[in-house]
Amino acid sequence: MEIPAKYDPSQTESKWYEYWLNNGFFHSEPNEKKAYTVVIPPPNVTGVLHMGHMLNNTIQDVLVRRARMLGKNACWVPGTDHASIATEAKVVAKLKEEGIDKSNISRDEFLKHAWEWKEKHGGIILEQLRKLGASCDWERTSFTMDPMLSKAVINTFVYFYNKGLIYRGVRMVNWDPEGQTAVSDEEVIHRDTPSTLYYIKYYISDNGTPSQSYIIIATTRPETIMADSAVCIHPDDERYLNLKGKKVLIPLINKEIPIIEDSYVSMDFGTGCLKITPAHDINDYEIGLRHNLPVTDILDNYARLNENAQILVGEDRFSARKAIENMLNESGYLIKKEQYNSQIGYSERTNAVIEPRLSLQWFMKMSEIAKPALDVVMEDKIRLIPDKYRNTYRHWMESVKDWCISRQLWWGQQIPAWYLPDGRLVVAADSGSALTLAKEMVPQITLDELRQDPDVLDTWFSSWLWPISVFDPEKPGFPEREANRELSYYYPTDDLVTAPEILFFWVARMIIAGNEFCSDIPFKNVYLTGTVRDKLGRKMSKSLGNSPDPVKLMESYGADGVRVGMLLCSSAGNDILYDDSQVEQGRNFSNKIWNAYRLVKGWERDPDATIPEHSAVAVNWFDNLLSQSIETINDHFEKFRLSDALMTLYKLFWDDFCAWYLELIKPQFGKRIDLVTYNSTLQFFDKLLRMLHPFIPFITEELWQNIYEREDGESIMISQMPVAASWSEKTISSFNLSKSAIVNVRSIRQSKGISPKEELTLFVKGDLSPDMYCIVKRMANISNVCDISSKEEGMSGASFMSETTEFFVPLAGLTDVNEELKKIESELKHLEGFLKTVNSKLSNEKFISSAPPTVVENELKKRSDAGIKIEKLNQLKQELKK
RNA sequence: GGGAGCAUAGCUCAGUUGGUUUAGAGCAUCUGCCUUACAAGCAGAGGGUCGGGGGUUCGAUUCCCUCUGCUCCCACCA
């Protein structure tokens, strides 16, 4: 069989993905096996794959594939999120391009467009995940606005409303003028933004006309002065004592407003004199409440000045700010301007500057319901990985505020509240039940007279049900109802892999929902991935153009290569600084595996040959090492140290298997291999492939299918993960000593310019087990390993020590005695320093008495070892000096 | 403004309740090799007073304090 020297992933990846799909390996049904469940953090339905998804889903796939191979019934549920704001914004933009204005079409028409858009663009991301190798159960693909899932959302709303946890009220909310909707506190991102502090004169009112005297206020928002309800000073501010009880006039519109006192004002900021604009600032709103101030809202939905402003009506808030500045300046009200950096809130979705705005919204009471969700994390029933997020989680859960759940959008689940003509409302799962409820209030009312609340629910109000509703959409809203078969089998899910940014948005709320409806946690472990950044540590973003296209990346390096590249440098919770060299390393690893396979499969077998001694030793060593490594890897997985698990495998395969094992058993040129060695090697290879499979699914399948004859329908992905047998520490350490001897001999060759082809003799004194001689001979091209006692006096050559074993390589005429002495001297110096620190410990009585016995023992061993070495080195030195 | 975290080799990071041969890995670097699996490779080597300072301890990369420098989260002093 001709196998090309370079592995070409494009030849194998799609082939095997098809094969897996066709055989239904990804699909899970409840059965007698233990379930292992993961629900995907549903990406935005209109999203495209970015590097963050790659990392996140690679991790999930590794966990899922491994669980499957460990004999569990693994189920990874994929799906997408309707992402109301983001999707609606995209649809609005698309309609605009077609010349359609959202405000000119009906809700139904708009939704039709939105669904069309979803059908066309939704799920691209899921297609891309297939390229990555994601072993999702595609038959279970869900969407947060699937009819059943939407029903679950509605039922949940009704349930919490009836429980008294959902209420409607006028509150100050974060208004996104671009998205035309309220957003939750969590969706507001505060950024340090350079702005200007304007100092403006407010004249003291003399019965409605300006007097000579004035005060100066400082504001960053001069365009809102028309909405001022008061000017506020600190009650203790001595500068303004004479102003108490007076009134001032708003510049330009000459509206009279009172001067009030409130200790909220800081005397040392600005002028100590604050304008109060209850409609457009949350603090001002609260002060307004305390002082019973009227609220004047001068902005419309688009954050343009409205009639209440009296001037500049229709102007956008930012252009109005400019205009007002000019007007104030021209009429002498503007005293000065100052550059000032302030924290401005931006909408996470649209990046518009958030406008604090008073409006009527739906809210969910959180504090009570959050308590149990805090407890399960504090009690470690749910593990956060890494656990540094426990603190953050607690902090948030303890200071949780009510959740604004209504959005002034059309794309999403419409709030199931119906208004009677008299303004009263009923909440019910559908219009029929709503009518029934309404009739209890107004018996002769008809459905036509009821008007449903036009708002939709926050997207997170649907995704918090995700781990429940993908299995049993009937359950949310009905905690008393028994879970269906699927839910009781798959729930609680096992691991959730997600980003720390949505710990509260999503994770915390899923815990709340899980507790409420299933009286159980929704998952056991939450693995929080870091952010993928570029080499310079910058977040990857479209505007910076620093994000590679994941699909192209997979095309050039193979999905396997990309997966390895991403995982090698990503410990949980740590950001990963992405660089092409990482996926290159991943690709190289695939190639290494490929070539190891070429080597092994190219050997001709000799059925009559017996196993050579060195092969027998190698097989035994590698067998032990394999078991040891399995244990190490299991341990890494237990701690969710995926990159360590992968690195262990990487070294096991590359260094131990290829560089040592295969080099050892490789038949000499023109020779054939014996069957025992050959078969052992294939078995090792098979095991290694299985261990590697969760990380690099494609190439491992390709080779696994070839290594032995396989039936159709067999696959590495449903094979068993190798388990550790008992292994001997001694076998491994004894081999390590011979390795060390070999490396030393090679190093001597390199430094002395001796060809690897030239045979050398090696003298040994110490612990090198005789059965390792054949290893050393073969790997270091040694003709004879002799006991050092047979060494001739005064023989010239190079010596070295490994652990406490002394080695000597005779090199006639090739050694410089002084150089050798120098080497020994420096080694001695090092050892003596070492011995000194060990001795200082051992001579310290407090150490002996207070350190644990094992530590003391170890120090004693260190001392004796160092002593042996020093003695041997001194002997060598003496000999050389002769 | 409040809180949390990080600082170890050129880079990315391990270092598991303070002791494991006076700090490890991968990558990168350097040297020698086209050795019949692989130059996307092989063999070998160098490289760190564990951010600075102080303290606790028999012993500190590990615990405490402080300084410096980053990062993140929370928080609308206009």
Side-chain angles (χ1 to χ4, degrees), chain A residues 3 5-7 188 190 197-198 217-221 232 264-266 268-271 273-277 281-284 340 342-345 354 356 386 388-389 391-392 395-396 399 500-501 503-504 531 535 537 561 568-571 573-577 579 581-582 584-585 587-602 635 639 641 643-644 647 650-651 658-659 662-663 666 669-670 743 746-751 753 756-757 803 830-831 833-838 840-841 843-852 854-856 858-859 861-863 865-866 869:
Chain A
I3 314 176
K6 291 239 184 325
Y7 170 62
V188 179
H190 293 274
L197 198 54
Y198 299 86
I217 60 100
T219 180
T220 52
R221 301 205 57 189
C232 189
Y264 166 79
V265 182
S266 26
D268 52 1
F269 187 86
T271 59
C273 206
L274 173 66
K275 78 189 197 65
I276 303 298
T277 321
D281 184 282
I282 179 73
N283 294 314
D284 291 11
Y340 174 69
S342 65
Q343 294 289 317
I344 306 277
I354 290 295
K388 65 176 176 187
Y389 287 106
N391 278 338
T392 329
H395 185 255
W396 192 80
S399 55
E501 292 100 273
L503 194 56
F504 313 122
T531 311
K535 222 161 72 170
L568 274 177
C569 53
S570 62
S571 47
N574 277 2
D575 286 355
I576 95 162
L577 301 190
D579 184 63
S581 68
Q582 288 150 16
E584 209 172 289
Q585 191 185 350
R587 178 201 58 185
N588 294 354
F589 186 42
S590 294
N591 200 236
K592 185 71 188 178
I593 298 170
W594 181 255
N595 277 292
Y597 187 77
R598 285 176 68 212
L599 172 70
V600 172
K601 273 309 209 181
D635 186 53
K639 294 170 180 146
R641 293 164 170 256
S643 58
D644 288 338
M647 183 49 72
Y650 180 93
K651 286 191 283 188
C658 293
L662 289 181
E663 287 301 329
K666 197 169 167 178
F669 185 63
V743 168
R746 285 172 177 171
S747 173
I748 288 167
R749 285 182 190 275
Q750 165 115 346
S751 64
K757 287 173 184 157
E803 289 169 41
H830 172 256
L831 279 169
F834 175 69
L835 189 61
K836 211 174 132 189
T837 64
V838 175
S840 72
K841 278 188 201 174
S843 57
N844 186 326
E845 269 184 36
K846 278 190 179 166
F847 171 74
I848 303 287
S849 55
S850 48
T854 50
V855 173
V856 178
N858 191 51
E859 292 302 317
K861 170 114 172 56
K862 278 182 184 174
R863 175 160 76 180
D865 283 358
K869 282 190 191 179

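The sequence lines fix the lettering, A, B, ..., with proteins before strands; numbering per chain opens at 1.
- With distances taken from any side-chain atom of A:Leu599 to the nucleotides B:rA78, B:rG26, B:rA37, the minimum falls on B:rA37.
- Here the separation of B:rA23 from B:rU29, taken at their P atoms, is 26 Å to the nearest Å.
- The residue A:Cys232 sits apart from the nucleic acid: no heavy atom pair falls under 4.0 Å.
- Using a 4.0 Å heavy-atom distance criterion, A:Pro356 is classed as a base contact.
- If you check distances only, the side chain of A:Lys592 does reach the base of B:rC38 with a donor-acceptor pair under 3.5 Å.
- A distance of about 34 Å separates the P atoms of B:rC38 and B:rG47, rounded to the whole Å.
- In the set B:rC38, B:rC76, B:rC77, the nucleotide with an atom closest to the side chain of A:Phe269 is B:rC77.
- Nucleotide B:rU12 holds its C1' atom 10 Å from the CD1 atom of A:Ile576, rounded to whole Å.
- Within 4.0 Å of A:Asn595, counting heavy atoms only, lies at least one base atom of the nucleic acid.
- B:rG52 and B:rC13 have their C1' atoms separated by 23 Å, given to the nearest Å.
- Comparing B:rA14, B:rA25, B:rU21 against the side chain of A:Lys651 picks out B:rA25 as the nearest.
- Minimum atom distance to the side chain of A:Ser342 is reached by B:rA78, of the listed B:rU21, B:rA39, B:rA78.
- As rounded to whole Å, 13 Å separates atom C1' of B:rA7 from atom NZ of A:Lys388.
- Closest to the side chain of A:Leu274, from the set B:rA78, B:rA14, B:rC58, is B:rA78.
- When the P atom is used for both B:rC65 and B:rA75, the distance is 27 Å, rounded to whole Å.
- Here B:rA60 presents its C1' atom at 11 Å from NZ of A:Lys841, a figure rounded to the nearest Å.
- Between A:Asp865 and A:Lys869, no side-chain nitrogen of the basic residue sits less than 4.0 Å from a carboxylate oxygen of the acidic one, so the salt-bridge criterion is not met.
- Look at the C1' atom in both B:rU61 and B:rC50: the space between them is 5 Å, to the nearest Å.
- Taking the P atom of each, B:rU17 and B:rA78 are spaced 47 Å apart, rounded to whole Å.
- Among the heavy atoms of the strands lying under 4.0 Å from A:Val265 is at least one base atom, whether or not backbone atoms are also near.
- Atom pair A:Phe834:CZ and B:rG19:C1' shows a separation of 12 Å (rounding to whole Å applied).
- As judged by a 4.0 angstrom heavy-atom cut-off over every strand, A:Gln585 is placed among residues touching the sugar-phosphate backbone only.
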* Test ring pair (Phe, Tyr, Trp, His ring centres under 6.0 Å) on A:Phe269 and A:Tyr340 and set out the steps. => CA-CA 12 Å; A:Phe269 187 86; A:Tyr340 174 69; 5.4 Å; yes
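- When distances are taken from the side chain of A:Tyr264 to each of B:rG41, B:rC77, B:rC76, the shortest belongs to B:rC77.
- Atom NZ of A:Lys861 and atom P of B:rU22 are 13 Å apart (whole Å).
- Distances were taken from every side-chain heavy atom of A:Arg641 (C-beta onward) to each of B:rA37, B:rU16, B:rC76; the shortest belongs to B:rU16.
- Here the separation of B:rG53 from B:rA60, taken at their C1' atoms, is 15 Å to the nearest Å.
- Nucleic acid contact for A:Ser850: base, since at least one base atom lies under 4.0 Å from a heavy atom of the residue.
- In the set B:rC77, B:rU22, B:rU21, the nucleotide with an atom closest to the side chain of A:His830 is B:rU22.
- Side chain A:Gln750 to base B:rA45: no donor-acceptor pair is found below 3.5 Å.
- Closest to the A:Lys6 side chain, of the nucleotides B:rA37, B:rG26, B:rA39, is B:rA39.
- Note on A:Asn283: only backbone sugar-phosphate atoms sit closer than 4.0 angstrom, heavy atoms only; bases stay farther off.
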